[in-house]
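The structure under discussion appears below in the form of C-alpha cells.
Heavy atoms only: backbone and side chains are in, while hydrogens, waters and symmetry mates are out.
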Amino acid sequence: MKKVLSAIILAILTLPCFAQEIEKWGRFEVCYNTSVKGNPYDVDLSATFTNGGETMTVKGFYDGDGRFVIRFMPDKEGQWNFTTHSKVRALNGKKGSFLCTPPSEGNHGPVHAEKTWFKYADGTYYYPVGTTAYSWMRAPEGYAARTIKSLEESGFNKIRCLFMPQNVGYDYQGHYPFQKKADGSWDYERPDPAYFQRIEAYVEDLLAIGVECDLILYHPYDGGRWGFDRMPLDANLTFLRYITARMSSFRNIWWSLANEWDGLKELPHEYWNKFGECVSEEDPYHHLISVHGYTATYYEYWRPWVTHCSIQDHAPVEGPGRAGTVKNIYKKPVVFDEICYEGNSTARWGQLSGEEELYRMWNALIAGTYPTHSECLSIKMKDKNIPSTNFLAFGGDFYGESWKRIKFMRSILDELPHPLYLADKSWDTSMAGAGDGYYLLYFGKEMKEEWEFDIPVKNLDFARPQKGEKFQVDIIDTWDMTITTCPTVFELGAPGPGNYRFKDVGHRGIRLPLKPYMMLRIRKI
C-alpha cells in the first residue's frame, strides 16, 4: 500500500504544468518537481520535440525549489510531441504534446542575419534602430517600468543592456547571478534562479512591446567588486550553457558576448572565440551573436559563429558613405552600437547635440548599416542614493531631442521595399538604393537651395533605371519630421557622359528649403 501511495505522490509531483496551445515562435514550458542527490544544477535534462518530419532536442535547466524546466520555441504549426531524457528516473521518459497555433499579430519570429541585413523568421525585414541602457534591469524601484514606457513612446525596437551587475556606486539589493558558498565566495556551479527570473521578466516586457533585447553577457565595469569579470574558463562555460538553456526560447533575445571585451583584462583573447562557439552550439535556435569592443577595436567578425558586427566606432558615421566600407569588408550586417551619445557629460563620448546624434544615425542607415542611440544627459534625482542619472546608465526617462525623431525615422524605413545600400558605392556616398526604382538621398549638414534631378545608372544587384521611366520625389525634413511631395513628375533622359548618371529629360529640379538634415525620397512611378 505504501509503495502504491508513494508512486501516486511521485506521479503528482512530476505532473507537467503547461498550456495546450502555444503560438508559433511563442514559448512552451514544462516543469517537473523532484528532489535529487548532490548539486541539482549538474543534472543533465533534455527533451526531443517532433512535429511531422521536424525534430529538435533542447536542454533543460534547474530553476530552484526542486523545479526542473524545459523550454521550447516552436517554429512550425501543428501538434508537437516531446519526450524527456535524463539519468534521473523522475525526469526521464516523460511525454507530452501541445498544439502550435498561428502567430499572433506583431509576432514575426526571431531576427536572423541574411547577407548584410536582418530579417524576422517570417521573412519581414527588420531595421534595428536601438538604444542603450546598461543597468535598467537592476536600477532602483520604478526605473524598469519607466524604461519600458520610454521605449514604447519613442519607437526604438532594440535595446542593449547588461546581464551582470555594474559597479555604479549604489548597493544592489537581493540576488546576484550566483549563490554564495559558506565561506562567502561565489559558487559558480550554483546559479541563483531568482536573478535570472528577474532578467527574464524584463525580456518578456520588451517582447510585449516589440523590442529586441541585445543582452550583454560580460562587461569590464565590475571593478573587482564581485569578480564576475574574471571567472575561470570552466565557470564561464558553465554559465553560458545555463543561460542559453534558460533564455534561448525567448524569440527577442540577442547574444552580445561583451561590451568592450578588450577591457576584461583577466580574460585572454582566445576565450572569446570559445565563448562564441559555446553559445552558438548551445542555442538550438541560433539567435544573433556578436561581441563589442572598445573604440575602433574590431573583433574577428569573419568567424563563423559571429552573425553580425557590433562596433564601437564613431568615425565611420561622422560623414557620408564611410560606414559602407566596413560593411564591404565583413559582408555581414553592421551595427554601430556606439556612435557617441547625446548628452552633457564631461566625457568626450557623451557630448553630442541631438542634431549630431540623429545625423550620425542617418549616415549609418544610408550606407546600409545600422545605428544604436543613447543619451547621457545627467539629471539630478530626488533619490539621495543616486546623485544623478541618465538613460545610458539606468534607463528611465529620455530628456534629449534625438529620441523624439525615432518613430519618424522608422516610418521611413518600414516603407522601404528592401534594406538600404549605396546604389553607386564609393562614387555616390549620399544616395542609397532600396530596390528597383527606390532611392533616398540624404544631404546631411549640407544646406541646398535647389537640386537638379540626378540618379546613378548603377543600382547594386537590382534593375538599373531606363530612359523614359518616371519618378516622383518627396522632400523629407528629418529633424522637423515633415514630408512634402514635389508636384513635378520627372522623366529620365538618356544616360550622361560615361553612362554613369541619369538626369531629367528637361533638366528639371526641385527648390529646397535652405536647411540642414534634408532628405529626398525618389520613387519610380
Side-chain angles (χ1 to χ4, degrees), residues 3-104 107-110 121-122 191 193-194 196-197 199-201 203-204 207-208 241-253 281-287:
K3 289 184 178 180
V4 174
L5 287 173
S6 298
I8 294 173
I9 293 171
L10 180 62
I12 293 173
L13 287 174
T14 57
L15 278 174
C17 46
F18 58 86
Q20 295 300 313
E21 292 189 358
I22 302 293
E23 67 176 302
K24 188 177 182 180
W25 301 305
R27 189 171 62 259
F28 169 80
E29 182 171 309
V30 59
C31 54
Y32 301 98
N33 293 282
T34 190
S35 59
V36 297
K37 293 181 180 179
N39 184 359
Y41 294 94
D42 290 338
V43 171
D44 286 330
L45 172 63
S46 64
T48 299
F49 290 80
T50 59
N51 181 349
E54 186 167 342
T55 299
M56 181 180 291
T57 298
V58 300
K59 291 185 177 180
F61 61 92
Y62 183 63
D63 197 30
D65 298 324
R67 283 172 42 92
F68 290 86
V69 179
I70 293 170
R71 291 172 175 168
F72 177 64
M73 180 178 66
D75 62 354
K76 181 180 178 181
E77 295 172 30
Q79 181 169 310
W80 285 88
N81 302 307
F82 69 90
T83 304
T84 65
H85 316 284
S86 178
K87 292 182 179 179
V88 177
R89 182 180 176 183
L91 302 175
N92 186 50
K94 301 300 178 184
K95 298 180 184 294
S97 63
F98 67 91
L99 180 66
C100 179
T101 58
S104 58
N107 174 5
H108 300 288
D122 70 352
F196 288 80
Q197 290 163 7
I199 299 293
E200 290 165 351
V203 174
E204 189 71 30
L207 180 62
R241 294 186 188 103
Y242 185 76
I243 196 170
T244 50
R246 284 196 70 112
M247 299 188 66
S248 291
S249 57
F250 288 79
R251 69 173 175 269
N252 62 326
I253 203 75
E281 291 170 3
E282 296 292 324
D283 179 354
Y285 313 104
H286 306 296
H287 288 288

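- Nearest heavy-atom pair, V43 versus F68, reported as atom, atom and distance to 0.1 Å: CB-CE2, 3.8 Å.
- Residues that satisfy the ring pair (Phe, Tyr, Trp, His ring centres under 6.0 Å) test with F61, not counting sequence neighbours, are absent from this structure.
- Using a 30° and 60° split on the angle between ring planes, F28 and F98 fall in the parallel class, below 30°.
- With rounding to the nearest 0.5 angstrom, the CG atom of N81 is 5.5 Å from the OG atom of S97.
- Here the straight-line distance linking atom CZ of F250 with atom CG of L207 works out to 8.5 Å at 0.5 Å rounding.
- For the residue pair I70 and G60, the shortest heavy atom distance occurs at CG1-CA, 3.9 Å.
- No hydrogens or angles considered: nothing links the side chains of T55 and T50 as a donor-acceptor pair under 3.5 Å.
- Using a cutoff of 4.0 Å between basic side-chain nitrogens and carboxylate oxygens, E29 and R67 are scored as salt-bridged.
- Under a 3.5 Å cut-off, the side chain of N107 and the backbone N or O of K24 do form a donor-acceptor pair.
- The two residues Y242 and D63 make their nearest non-hydrogen contact at OH-CA, 4.5 Å.
- Distance check, rounded to the nearest 0.5 Å: CG of L45 to CG of N92 gives 9.0 Å.
- A pairwise comparison of heavy atoms in P191 and F196 identifies CB-CE1, 3.7 Å as the closest pair.
- Using a cut-off of 4.0 Å between Lys/Arg side-chain N and Asp/Glu carboxylate O, E200 and R27 are scored as not salt-bridged.
- Around atom CG of D44, no more than 12 heavy atoms belonging to other residues, nucleotides or ligands sit under 6.0 Å away.
- Between Y41 and Y62, the distance from one ring center to the other falls under 6.0 angstrom.
- Within the 4.5 Å cutoff, no side-chain heavy atoms of W25 are placed close to those of H108.
- Atom CD in Q20 sits 9.5 Å away from atom CD in Q79 (nearest 0.5 Å).
- Remark: side-chain polar atoms of S248 are not paired, donor with acceptor, to backbone N or O of D283 under 3.5 angstrom.
- Separating the CD1 atom in I22 from the CG atom in L99 is a distance of 9.5 Å, to the nearest 0.5 Å.
- N252 places a side-chain N or O within donor-acceptor distance of the main-chain N or O of V203, the cut-off being under 3.5 Å.
- Side chain of Y285 to backbone of M73: a donor-acceptor contact under 3.5 angstrom is found.
- For the salt bridge (charged side-chain N to carboxylate O under 4.0 Å, His left out) condition, no pair includes a residue of residues 73-85, sequence neighbours left out.
- Side-chain N or O atoms of R71 include none that pairs as donor or acceptor with a backbone N or O of M247 at under 3.5 Å.
- Inter-residue side-chain proximity for P193 and R246 is flagged as met; some heavy-atom pair is nearer than 4.5 Å.
- For the pair E23 (side chain) and S104 (backbone), a donor-acceptor distance under 3.5 Å is present.
- The shortest side-chain heavy-atom distance between T84 and Y32 falls under the 4.5 Å cut-off.
- In this pair, F72 and F49 present their aromatic rings parallel. The plane angle is below 30°, not in the 30 to 60° band.
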